[in-house]
Amino acid sequence: MRKLRLGVMISGSGTNLQALIDACQQHGYPAKIEVVISNRPDAKGLERARTAGLKAVTIDHKDYEERAAFEDAVHECLTDHKVQLVCLAGFMRLLGADFVGRWKDRMINIHPSLLPSYKGLHTHARALEDGVKFAGCTIHYVRPEMDNGPIIMQAAIPIAPDETEDSLIAKTLTYEHRMYPAAVRLIAEGKARVSGHKVVIKEDVPLPEVGLICPLP
Ligand code: GRF
């Protein structure tokens with residue numbers, strides 16, 4: 001089986017990266033991580049990558065005067081490793097339209113809300129503040145506008161009456177960690193296709209229970 005070559009981009013703790021590392025270690029998983037790139041030298045995810053024996057590279061945005069030069073360096077690293085799909089996993093810098101265009105339909109992101117609600121930061125606190133009954137998380141193809149692009153998968157997560165920001169962050173992450181490997185699998189197996197502003201999922205992927213979670217193949 002030819003595996004889809006992934007480049008994972010991080011800025012922090014890398015628990016989603018870890019979920020992808022664990023999935024890639026499973027027999028028969030159709031993707032492998034070729035390189036992990038962090039824009040922060042102190043990102044804990046770099047240690048996770050190295051512990052797993054993966055190539056882990058820091059490309060520190062502070063070393064570049066212009067965003068374009070930073071993004072050129074990232075692009076070169078990804079192409080050097082013949083990456084086919086870029087997975088943003090807690091990568092906390094906005095990417096410019098040129099870079100996003102170069103990876104159109106080949107770059108995905110995970111965001112801790114039910115998009116298009118709660119783009120940006122502090123999603124959990126804002127959802128709690130608004131008193132919504134469902135929070136969630138989303139995996140989507142990346143477009144130049146922040147937290148925008150064709151949606152691949154979502155989980156709707158009920159908010160408990162005594163929910164706190166910390167408990168909601170932790171609960172959401174458990175869904176994120178299931179979803180990211182599942183979304184990458186869908187793409188690697190050719191079961192997710194971008195059509196206009198939407199992602200079409202092949203008919204043989206089972207639908208989730210109503211209101212519960214994304215299709216987890
Ligand atoms: C996750 O909540 C992800 O959805 C968001 O940033 C967080 C990263 O967490 N984009 P981790 O670094 O994967 O632990």
Side-chain angles (χ1 to χ4, degrees), residues 6-25 31 33 35-52 54 56-61 74 85-95 99-100 103 107-129 132 134-159 163-187 213-214 216:
L6 308 179
V8 184
M9 290 174 60
I10 60 167
S11 301
S13 74
T15 63
N16 279 289
L17 164 67
Q18 188 67 55
L20 287 171
I21 290 172
D22 294 346
C24 289
Q25 287 171 350
I33 299 172
V35 64
V36 174
I37 301 174
S38 172
N39 66 312
R40 296 182 54 116
D42 57 350
K44 185 164 184 291
L46 287 168
E47 271 171 55
R48 296 178 187 273
R50 292 188 183 118
T51 302
L54 298 171
V57 179
T58 300
I59 303 178
D60 190 340
H61 60 276
V74 172
L85 181 71
V86 179
C87 300
L88 304 182
F91 181 73
M92 300 305 282
R93 287 200 74 76
L94 286 179
L95 292 164
F99 182 88
V100 172
W103 292 93
M107 178 159 60
I108 63 177
N109 180 44
I110 186 155
H111 182 73
S113 80
L114 271 181
L115 290 174
S117 294
Y118 303 111
K119 296 176 180 177
L121 298 174
H122 311 299
T123 56
H124 312 87
R126 286 156 56 210
L128 287 173
E129 177 71 23
V132 298
F134 281 93
C137 46
T138 302
I139 297 188
H140 62 95
Y141 282 99
V142 177
R143 293 292 180 265
E145 309 77 41
M146 183 185 64
D147 298 327
N148 213 316
I151 290 172
I152 304 160
M153 269 189 190
Q154 290 188 303
I157 303 166
I159 293 183
E163 203 79 71
T164 64
E165 185 183 7
D166 284 348
S167 68
L168 187 56
I169 289 172
K171 196 164 38 169
T172 306
L173 278 171
T174 65
Y175 284 84
E176 293 186 36
H177 299 159
R178 291 173 64 196
M179 251 174 45
Y180 220 147
V184 168
R185 176 189 280 279
L186 272 185
I187 293 166
I213 195 173
C214 52
L216 289 173

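Just so you know, ligand 1 is whichever comes first in the structure, and atom 1 is the first atom listed for that ligand.
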Practice problem: Please verify whether a non-hydrogen atom of Ile10 lies at under 4.0 Å from ligand 1. | Solution: no
Exercise. Please say whether more than 12 non-hydrogen atoms of neighbouring residues, nucleotides or ligands are located less than 6.0 Å from CZ in Arg40.
Key: no
Self-check item: Any donor-acceptor N/O pair, Ser38 side chain to Leu46 backbone, under 3.5 Å
Solution: no
Quiz item: Is the shortest N/O to N/O distance between Thr15 and ligand 1 below 3.5 Å?
Solution: yes
Self-check item: Enumerated ligand 1 atoms positioned under 4.0 Å from heavy atoms of Pro112
Solution: 2 (O), 4 (O), 5 (C)
Quiz item: Judging by distance only, is a nitrogen or oxygen of Met92 under 3.5 angstrom from one on ligand 1?
Solution: no
Quiz item: Where is the nearest protein heavy atom to atom 9 (O) of ligand 1: which residue, which atom, and how far?
Solution: Asn16 ND2, 4.0 Å
Self-check item: Distance-only N or O hit between ligand 1 and Leu17, under 3.5 Å
Solution: no
Quiz item: So which protein heavy atom does atom 3 (C) of ligand 1 come closest to, and at what separation?
Solution: Glu176 OE1, 3.2 Å
Quiz item: Cut-off 3.5 Å, side chains only: do His111 and Thr123 have a donor facing an acceptor?
Solution: no
Quiz item: Got the closest protein heavy atom to atom 10 (N) of ligand 1, with its distance?
Solution: Ile110 O, 3.0 Å
Quiz item: So which heavy atom in the protein is nearest atom 7 (C) of ligand 1, and how far is it from that ligand atom?
Solution: Gly90 CA, 4.3 Å
Quiz item: Distance-only, no hydrogens or angles: does the Thr138 side chain make a donor-acceptor pair with backbone N or O of Ser113 under 3.5 Å?
Solution: yes
Practice problem: Identify, for atom 12 (O) of ligand 1, the protein heavy atom at the shortest distance, and state residue, atom and that distance. | Solution: Gly14 N, 2.8 Å
Self-check item: Polar contact flag, side-chain donor to acceptor under 3.5 angstrom, His140-Asn109
Solution: yes
Quiz prompt | Member of Glu165, Glu176, Glu163 meeting the salt bridge (Lys or Arg N to Asp or Glu O under 4.0 Å) criterion with Lys171 | solution = Glu163
Quiz item: So which of Ile139, Ile187, Leu20, Ile33 actually passes side chain to side chain contact (heavy atoms under 4.5 Å, CB included) with Cys87?
Solution: Leu20
